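Single-structure report; data block below.
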Amino acid sequence: MNTTAHTIRGACPHDCPDTCSFVTTVENGIAVRVQGNAEHRHTDGALCTKVSRYTERTYHPERLLHPLKRTGPKGSGQFERVSWDEALDAIAARLSAIAERDPQAVLPYSYAGTMGQVQGEGMAARFFHKLGASFLDRTICSSAGGEALVQTLGGKVGMKVEHFAHSKLIVIWGSNSIGSNLHFWRLAQQAKRDGARLVCIDPRRTETAEKCHEHIALRPGTDAALALSLMHQLITHDWLDHDYIAQHTLGWEGLRERALQWPPERAAEICGIPVQQITDLARAYGTTKPAAIRLNYGMQRVRGGGNAVRAVACLPALVGAWREPAGGLLLSSSGMFPVNRAALHRPDLLAGKSPRILNMSTIGNDLLNEGSVDFGPKIEALIVYNSNPVAVAPESGKVVQGFLREDLFTVVLEHFQTDTADHADFILPATTQLEHWDIHASYGHTDVLLNRPAIEPVGGSRTNTDIFRALAQRMGFDDACFQDDDETLCRTAFGSAVDFQLLLDQGFATLPVPEAPYANGGFPTASGRCEFFSARLAAQGQDGLPDHLPNHELQGSSAAYPLAMISPPARNFLNSTFVNVQSLRDIEGEPLLEIHADDAALRGIETGQMVRVFNDRGEYRCKAKVSTRARPGVVNGLGIWWRKLGPAGTNVNEVTSQHLTDMGRGPVFYDCLVEVAPVALVAGVP
Ligand SMILES: Nc1nc2c(c(=O)[nH]1)N[C@H]1C(S)=C(S)[C@@H](COP(=O)(O)OP(=O)(O)OC[C@H]3O[C@@H](n4cnc5c(=O)[nH]c(N)nc54)[C@H](O)[C@@H]3O)O[C@H]1N2
Ligand SMILES: Nc1nc2c(c(=O)[nH]1)N[C@H]1C(S)=C(S)[C@@H](COP(=O)(O)OP(=O)(O)OC[C@H]3O[C@@H](n4cnc5c(=O)[nH]c(N)nc54)[C@H](O)[C@@H]3O)O[C@H]1N2
Ligand SMILES: [Mo]
């Protein structure tokens, strides 16, 4: 047989700090293998289990291949095949009619199904700017922590990840690195072999926590108390870098006074941990050099998430950890990328319009809003791409109710018929990363990656960009920028800041970032200092100094719902992506709730038993697993299953709330009280 095999370099598109470089092997037009690029140092030739199965997802028998139009009642999942022309004509006509009354009644809804600059908002932003649609505040993941970093360090900036390999103390704070940041874990292992101490701070005894020297299993939402108490110890033992504090920080006197109110005994009580864990960690942090903190977004999904991130982000300056490349902190590196947003997204197309802003984390309430002077017009049309809100947004009961509105016009661009797609009026089949061009920044390293298409679009699928170009044309948007092809958009994203030829040649390009960016201060804040005190926050009426803010749903405040629930990701899924890939679902098995033996015994719950997890907002069902991964009083509902693949057609977000964080208007997925009860079996059927 005459086979022609070749390889194409690409980039993993998924919402993960690792942003891997991969190589696809194509034989006779079919992608047969996706492998980690050995030449890219951050990927180091290895992919996670999920993405190494990428061809299984790409050629999945349930892949959407044609546009679909709804035939049954809203949400019934009944559709018929239609042509692209029929679908696009109908969508353009409906959007034009709505826009004639008020374009703000149209709302885009997207997140990070792909992190690509082009298939993300590349053409979409141009389209919605021109239309004058409502803005979407994209808060669902990281906005509290992001805002906190901006207010403290001046941006989403931090250590270069590669230097963690040379740290002597690594604090992994609110992150399950083995599950969600595997290539960082490789660096932590290297440091460990060279004698570094690893400490994990997480309510759940994760795979990562059990492999660290120390695990501090605090209650959810108590990280600021812990951080302030560490400061208390740094101050009382004088483990401070006075020179660094004097030269490169702002608001030290106030912070000092605040921290002195947090003796370890006080924090230990709030965090639910032994005093000695605090004093030991403070001693290690105050006396080990270089000391590095790998923060992740897990700790900022509670009411005080922004304050908690601010408190932690103050620590490296107190001990002068920033002086060395292997010291400091990393939450996100995304602010280090020079994305040319004005050229890519073209906000000038707004032509003076300033549409209202709607928060994606309260989509449930917003879809049910009838319109008012404060809110503006009722939402009449929703264009969803790169996101699965019906599964991932909080308080799904409300979200589903909103999506079921017969008068709402919903278009979903997708690879699969997700829970959200079930509620569409039109489903448009989109290409995957193997089928389109894109260019990527990263939030876990400082390389730009280029993705070249390896294969032709599967079935009749089209790129997100192409769909928005086609809609623009039908709606009479004749600006030249709607003609840009995807390679042009890739070149536009970073302009001359990145060598595009190098990207074409090797697939990645490293940004020129200093090895120890804040060794001599120079933070990108207004003052150039690490801002313990934030005048901007104070001007907004907030506390200018970091403090501990108790959860909205504080444990002990409700007799009916005594358990705190967190819902971190399952290792073999990526949010709700991959849940329908059989080989990965086989590893995860079924939706699980981890519960501590004491809490289980109190409720007569055993491993394998079907349970109801519930509060006033709703309930979902899953199997219980009595496990040492859960601390007393806290249950872990692993996410994020497709509702329709869960036992009762619901998932964990049935019980989460639409409350918001202190900063950034973010969701509070891990600030949630519930009760759990066994489900009585009637003739073996729950
Ligand atoms: N395999 C896999 N990888 C992923 C994802 C995935 O779904 N699956 N998701 C991706 C996405 S979208 C993101 S945003 C990133 C980052 O994703 P993160 O949301 O940071 O995910 P995790 O690394 O699991 O870290 C969350 C950890 O925080 C813990 N946690 C919960 N509440 C608290 C708290 O109050 N305090 C502290 N200290 N810890 C708490 C949880 O138990 C969990 O172990 O990961 C990405 N990578
Ligand atoms: N309870 C609870 N809820 C959570 C979280 C939690 O920890 N607990 N985590 C939250 C976090 S951190 C995040 S980031 C959000 C994630 O929320 P989302 O960003 O909605 O992420 P996914 O669930 O992965 O859905 C992404 C969808 O985009 C589609 N997609 C991928 N690439 C493309 C493309 O090129 N074109 C088109 N048209 N579609 C594409 C995929 O098929 C997938 O269905 O969920 C949040 N929800
Ligand atoms: Mo996320």
Side-chain angles (χ1 to χ4, degrees), residues 13-18 48-50 57 109-116 119-120 138 140-142 145 172-182 200-209 216 218-223 226 295-302 304-305 308 312 332 360-361 384-389 391-394 396 412-416 418-421 428-433 435-436 438 443-444 461 463-464 467 551 564-580 629 634 636-640 642 651-653 655-656 667 669-672:
H14 289 293
D15 188 352
C16 166
D18 293 17
C48 66
T49 315
K50 306 178 289 299
R57 186 174 188 277
Y109 196 100
S110 69
Y111 201 63
T114 168
M115 299 278 294
Q119 305 304 335
R138 293 183 171 80
I140 202 148
C141 167
S142 61
I172 300 177
W173 204 325
S175 178
N176 179 8
S177 314
I178 295 179
S180 66
N181 191 188
L182 193 58
C200 182
I201 305 177
D202 192 315
R204 178 171 183 245
R205 192 162 181 82
T206 60
E207 304 89 312
T208 309
I216 302 183
L218 79 187
R219 290 196 183 100
T222 62
D223 300 272
L226 175 58
L295 211 64
N296 216 325
Y297 288 111
M299 62 133 63
Q300 46 100 65
R301 302 195 171 110
V302 294
V312 176
S332 167
M360 71 187 301
S361 300
V384 183
Y385 51 103
N386 306 335
S387 185
N388 185 9
V392 307
S396 353
V412 177
L413 285 60
E414 253 300 351
H415 300 150
F416 294 104
T418 59
D419 293 321
T420 305
L428 303 178
T431 47
T432 73
Q433 192 78 343
E435 300 146 58
H436 55 224
D438 218 326
Y443 61 98
S461 63
T463 58
N464 289 347
I467 294 169
N551 280 358
M565 186 195 78
I566 57 173
S567 45
R571 182 173 174 183
N572 291 289
F573 302 148
L574 198 299
N575 300 319
S576 78
T577 304
F578 297 104
V579 179
N580 64 327
R629 291 208 190 281
V634 180
N636 312 324
L638 300 184
I640 309 175
W642 285 19
N651 74 12
V652 65
N653 279 317
V655 293
T656 55
F669 292 112
Y670 305 165
D671 179 343
C672 175

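All values reported here derive from a predicted model rather than from experimental measurement. In each ligand, atom 1 is the first atom listed, and ligand 1 is the first ligand listed.
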Review point. Does ligand 2 have an atom under 4.0 Å from some heavy atom of I566?
Key: no
Check your understanding: Measuring from the heavy atoms of R301, does anything fall under 4.0 Å of ligand 2?
Key -> yes
Quick one: which ligand 2 atoms are inside 4.0 Å of a heavy atom on [X]?
{"X": "R57", "answer": "41 (C), 42 (O)"}
{"X": "A112", "answer": "19 (O)"}
{"X": "Y111", "answer": "14 (S), 19 (O)"}
{"X": "C141", "answer": "12 (S), 14 (S)"}
{"X": "T418", "answer": "44 (O)"}
{"X": "Y670", "answer": "6 (C), 7 (O), 8 (N)"}
{"X": "N653", "answer": "1 (N), 2 (C), 3 (N)"}
{"X": "H436", "answer": "35 (O)"}

Can you tell me which residue and heavy atom of the protein come closest to [atom], and the distance to 0.1 Å?
{"atom": "atom 16 (C) of ligand 2", "value": "N575 ND2, 3.4 Å"}
{"atom": "atom 43 (C) of ligand 2", "value": "E414 OE2, 3.3 Å"}
{"atom": "atom 30 (N) of ligand 2", "value": "H415 CE1, 3.8 Å"}
{"atom": "atom 15 (C) of ligand 2", "value": "I140 CG2, 3.8 Å"}
{"atom": "atom 47 (N) of ligand 2", "value": "V392 O, 2.9 Å"}
{"atom": "atom 5 (C) of ligand 2", "value": "I640 CD1, 3.6 Å"}
{"atom": "atom 23 (O) of ligand 2", "value": "S576 OG, 2.5 Å"}
{"atom": "atom 10 (C) of ligand 2", "value": "F669 CE1, 3.7 Å"}

Check your understanding: Does ligand 1 have an atom that lies less than 4.0 angstrom from a heavy atom of G639?
Key -> no
Review point. Quick one: does Y443 get within less than 4.0 Å of ligand 1, heavy atoms only?
Key: yes
**Study point:** Heavy-atom closest contact (E414 atom, S387 atom, distance)
**Key:** OE2-O, 3.9 Å
**Study point:** Heavy-atom closest pair, residues Y670 and V302
**Key:** O-CG1, 3.6 Å
Exercise for review: Would you mind telling me if ligand 1 is within reach of the side chain of S175, the backbone, both or neither, using heavy atoms under 4.0 Å?
Suggested key: both
Could you tell me whether [X] and ligand 2 have an N or O pair separated by under 3.5 Å?
{"X": "S387", "value": "yes"}
{"X": "F416", "value": "no"}
{"X": "D15", "value": "no"}
{"X": "N386", "value": "yes"}
{"X": "P569", "value": "no"}
{"X": "L574", "value": "yes"}
{"X": "T577", "value": "yes"}
{"X": "S567", "value": "yes"}
{"X": "N388", "value": "yes"}

Check your understanding: Is it the side chain, the backbone, both or neither of N464 that has a heavy atom closer than 4.0 Å to ligand 2?
Key -> side chain
**Study point:** Structural part of Y297 in contact with ligand 2, heavy atom criterion under 4.0 angstrom
**Key:** neither
Which of the numbered atoms in ligand 1 are below 4.0 angstrom from a heavy atom of [X]?
{"X": "F573", "answer": "1 (N), 2 (C), 6 (C), 7 (O), 8 (N)"}
{"X": "T206", "answer": "44 (O)"}
{"X": "R204", "answer": "42 (O)"}
{"X": "W173", "answer": "38 (N)"}
{"X": "P568", "answer": "41 (C), 42 (O), 43 (C)"}
{"X": "A570", "answer": "8 (N)"}
{"X": "K50", "answer": "1 (N), 2 (C)"}
{"X": "G221", "answer": "34 (C), 35 (O)"}

**Study point:** R138 NZ/CZ over Y111 ring centroid, <6.0 Å and within 45° of normal
**Key:** no
Review point. Nearest non-hydrogen atom to atom 22 (P) of ligand 1 belongs to which of G145, G179, S180?
Key: S180
Revision key, fill the gap. Judged by heavy atoms only, the candidate from S142, C200, P203, G298 nearest atom 26 (C) of ligand 1 is G298
Practice item. Could you tell me whether R571 and ligand 1 have an N or O pair separated by under 3.5 Å? Key: yes
**Study point:** Side-chain H-bond candidate by donor/acceptor type, N386 with T114, under 3.5 Å
**Key:** no
